[in-house]
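Within every chain, numbering begins at 1; the chains are lettered A, B, ... in the order of the sequence lines, protein sequences first and strands thereafter. Every heavy atom of this structure was used, including side-chain atoms; hydrogens, water molecules and symmetry mates were not.
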Protein chains: 2
Amino acid sequence: MNDRGARGASPTINDVARLAGVSKKTVSRVINRSPLLNDATRERIEAVIAELGYVPNRQARSLALRRNFVLGLIYDNPNAQMVLNFQQGVLDTIKDTEFALVIHPVDRRSPTLFEDIRRFVEQQRHYGVMILPPLSEDDQFADLFRELGCNYVRMGSAELDEPAHLVQSNDRQAVREAIDYLVAQGHRRIGLIAGPSGFRSAHERRQGWIDSLVAHGLPHDETMVAEGNYTFETGQSAGEALLGRGEPFTAIFASNDVMAAGAIHAAHHRGLDVPKDISIVGFDDTVIAATIWPPLTTVRWPIRTMAQSAARKLIHPETAGKEQALFPAELILRASTEPPETER
Amino acid sequence: MNDRGARGASPTINDVARLAGVSKKTVSRVINRSPLLNDATRERIEAVIAELGYVPNRQARSLALRRNFVLGLIYDNPNAQMVLNFQQGVLDTIKDTEFALVIHPVDRRSPTLFEDIRRFVEQQRHYGVMILPPLSEDDQFADLFRELGCNYVRMGSAELDEPAHLVQSNDRQAVREAIDYLVAQGHRRIGLIAGPSGFRSAHERRQGWIDSLVAHGLPHDETMVAEGNYTFETGQSAGEALLGRGEPFTAIFASNDVMAAGAIHAAHHRGLDVPKDISIVGFDDTVIAATIWPPLTTVRWPIRTMAQSAARKLIHPETAGKEQALFPAELILRASTEPPETER
DNA sequence: TTGTAAGCGTTATCAA
DNA sequence: TTGATAACGCTTACAA
């Protein structure tokens with residue numbers, strides 16, 4: 001019936017069945033590692049599979065099983081290294097499985113954003129999707145996934161959802177520890193370059209800064225804060241603003257690495273030496289942190305580990321609730337911080 | 001027959017056909033925009049589709065059409081921004097089509113690399129795959145794709161393949177122009193931090209450096225070259241090496257941005273000011289270039305445009321040979337270069 | 001332990 | 001311009 005020639009079509013389960021002299025169901029059992037199978041039969045079929053170079057057809061399998069072994073990744077993130085690390089982590093988990101990763105970068109300013117995402121999920125019929133901040137912070141997308149019957153995991157810096165649908169970093173605690181470290185070094189006046197107010201992570205990081213200052217009885221008010229939107233340029237202008245305000249700071253915490261890099265520029269521009277005249281701390285530990293001068297003290301986020309976990313939660317929904325949901329960050333010390341002059 | 005209830009299963013072509021009182025083939029014609037269709041019928045069916053929220057099943061479609069509307073992207077690249085830009089470019093092209101992008105980062109040092117890629121292509125049965133440098137420079141992968149009957153496009157810095165299977169940058173010419181610029185500014189002794197010898201791009205960039213120096217009758221020999229492997233650390237040590245050698249350079253060209261950043265560190269380390277004492281030029285125009293201090297003069301590669309074209313070549317193989325294959329780079333001037341002291 | 005028949009949701013063929 | 005029927009390559013139920 002199926003008379004494949006040398007026309008390049010790849011062998012199917014029927015070819016294997018015919019050559020091995022068994023039914024296709026039996027071949028199917030081999031593919032799916034069914035336990036009830038005569039060893040001799042299995043070996044014979046495996047030999048034919050190897051000889052033919054047979055690879056089961058994913059589309060057909062998906063159709064018959066009524067599920068698609070594809071994970072989706074949705075993001076709109078200015079931080080390339082973060083996104084790539086996340087992709088890498090997902091791949092770590094799905095390596096040697098039949099899963100594939102389909103990516104879907106979007107533009108969060110697009111008026112059709114919501115419909116874009118809906119179409120993506122409807123069309124691909126993923127096994128599950130992962131969504132990165134800041135999009136992940138918006139409940140309407142989670143609602144959408146639920147409405148479409150699509151499993152999902154959100155990455156975020158707060159308890160956005162149940163553990164089965166969340167991989168969370170503790171930004172607030174991590175920043176608090178970073179500021180604690182500056183205080184321990186003798187810093188007393190520590191400025192904040194905050195992230196954009198729409199971002200949950202920006203809020204959490206600001207809270208961490210406040211937590212530490214309050215705990216140490218140090219001042220914190222709006223004059224010590226300048227807001228940026230996670231880009232280099234806004235970090236620079238926020239830095240300029242802070243450095244131009246009244247009583248000088250001995251340290252500045254920037255809510256991400258790129259803004260910290262901008263703040264360093266601003267300091268240089270004013271003839272200040274980092275860290276001699278002012279210490280600067282970032283957040284993310286992107287490649288920039290180790291690349292700029294001076295190398296940046298920053299908070300490292302275990303993104304890849306979080307991504308591995310996110311993928312596992314989607315692949316094994318039955319145990320997803322029991323997997324870790326909180327992933328602590330750690331402070332990476334580099335040359336952009338040192339005790340203030342008064343302490344040296 | 002198909003008695004879908006509220007159990008969450010999505011509507012199929014049969015549901016649409018039944019409700020519209022037509023055969024499923026007719027519905028199929030609507031989906032596929034067949035021209036031979038009564039307008040009234042079409043409208044009636046479209047109404048039912050909208051009402052039901054029917055979305056055709058990709059797996060079933062793929063199976064029936066015997067092709068998978070998925071593009072694959074294979075890479076092992078240390079440059080996150082480059083990879084993300086490429087992904088973005090591909091998405092630009094496949095947006096509003098039925099295509100999806102599946103990514104496959106690999107480890108080029110893995111002993112199973114070749115088999116990994118073979119498995120990926122065999123299992124996914126892509127419409128076509130794109131492969132990024134340095135992997136794209138290796139003919140054995142192109143041979144593999146051909147053997148597997150999988151269309152492909154290679155991204156590279158040299159004429160690696162026919163136009164239908166290539167998006168090429170002119171690294172050699174671009175570097176030549178960058179060095180020409182330095183010479184025009186008055187530089188006469190220009191060092192090179194070369195890329196790793198296994199990389200075609202490294203070779204091309206080195207040739208561009210030679211081309212320019214030869215054209216201007218300036219010296220170029222092995223003592224003016226230090227090799228790195230495209231990482232920050234090796235850029236730094238290559239920079240140290242050059243700066244420690246005999247007659248001082250007034251400019252250095254580094255074969256990528258991260259190595260240029262490393263060279264700037266090395267210069268700072270020796271108490272040299274960039275660009276006053278030494279000019280430094282990079283390649284890539286990654287985010288780092290605008291972020292480091294001083295901002296880096298560098299060669300910008302039109303990666304996103306190349307990616308858009310690569311995806312188009314895969315989607316329209318019939319016209320792929322006629323699409324542009326060469327994408328010129330441009331020199332971006334920033335603060336890391338200025339005329340040497342003797343010219344000021 | 002293995003096979004038969006039916007079905008997954010779509011498209012192609014060919015006839016009406 | 002439409003429809004009946006048979007694929008596409010696999011899995012599940014059920015039977016043997």
| task | Heavy atoms under 4.0 Å is the rule here; annotate nucleotides 11-16 of chain C 5' to 3' with B where the base is hit, S where only the sugar-phosphate is, and - elsewhere. | result | BBB---
| Picking from D/dG9, D/dT2, C/dT2, which would you name as closest to the side chain of A/Leu36? | C/dT2
| query | Taking only side-chain nitrogens and oxygens of A/Thr26, does any of them come within less than 4.0 Å of OP1 or OP2 of C/dG3? | reply | yes
| Checking all strands, does B/Thr41 fall into the base, sugar-phosphate, or nothing category for heavy-atom contacts under 4.0 angstrom? | sugar-phosphate
| request: State whether B/Lys95 and A/Asp116 are salt-bridged, where the test is any N-O pair (Lys NZ or Arg NE/NH1/NH2 against Asp/Glu carboxylate O) under 4.0 Å. | output: yes
| task | Specify the separation, in whole Å, of atom CG of A/Asn14 and atom P of C/dT4. | result | 12 Å
| said: Measure CG/A/Asn57 against C1'/C/dG9 and give the value in whole Å, please. | reply: 14 Å
| query | How many Å lie between CD on A/Glu43 and P on C/dT2, as a whole number? | reply | 12 Å
| said: If the test is salt bridge (Lys or Arg N to Asp or Glu O under 4.0 Å), which one of B/Asp161, B/Asp143, B/Asp138 qualifies with B/Arg154? | reply: B/Asp161
| task | Please work out if A/Leu63 contacts a base, only the sugar-phosphate, or nothing of the nucleic acid, heavy-atom cut-off 4.0 Å. | result | base
| For A/Gln308, does its backbone N or O pair with a side-chain atom of A/Lys313 as donor and acceptor, under 3.5 Å? | no
| query | Any side-chain N or O of A/Thr12 under 4.0 Å from OP1/OP2 of D/dG9? | reply | no
| note | A/Phe69 CZ to D/dC10 P, in whole Å, measures 14 Å
| said: For A/Glu115 and A/Arg119: C-alpha separation, side-chain torsions, deciding distance, then whether salt bridge (Lys or Arg N to Asp or Glu O under 4.0 Å) applies. | reply: CA-CA 6 Å; A/Glu115 285 311 313; A/Arg119 277 228 335 262; over 6 Å; no
| field | Heavy-atom side-chain contact between A/His126 and A/Tyr152 under 4.5 Å | value | no
| task | Calculate the interatomic distance between A/Ile45 atom CD1 and D/dC10 atom P; express it in whole Å. | result | 13 Å
| task | Calculate the interatomic distance between A/Asn68 atom CG and C/dT10 atom P; express it in whole Å. | result | 14 Å
| field | A/Arg304 side-chain N/O to A/Leu84 backbone N/O, donor-acceptor pair under 3.5 Å | value | no
| request: Hey, which sits more toward the 5' end of DNA chain D by its nearest nucleotide, B/Arg125 or B/Asn38? | output: B/Asn38
| Gap between atoms CD and C1', on B/Gln59 and D/dC10 respectively (whole Å) | 13 Å
| task | Take the protein atom CD of B/Gln123 and the nucleotide atom P of D/dG9, then report the distance between them rounded to whole Å. | result | 17 Å
| So, A/Arg58 and A/Glu98, do they make that salt bridge, N to O below 4.0 Å? | no
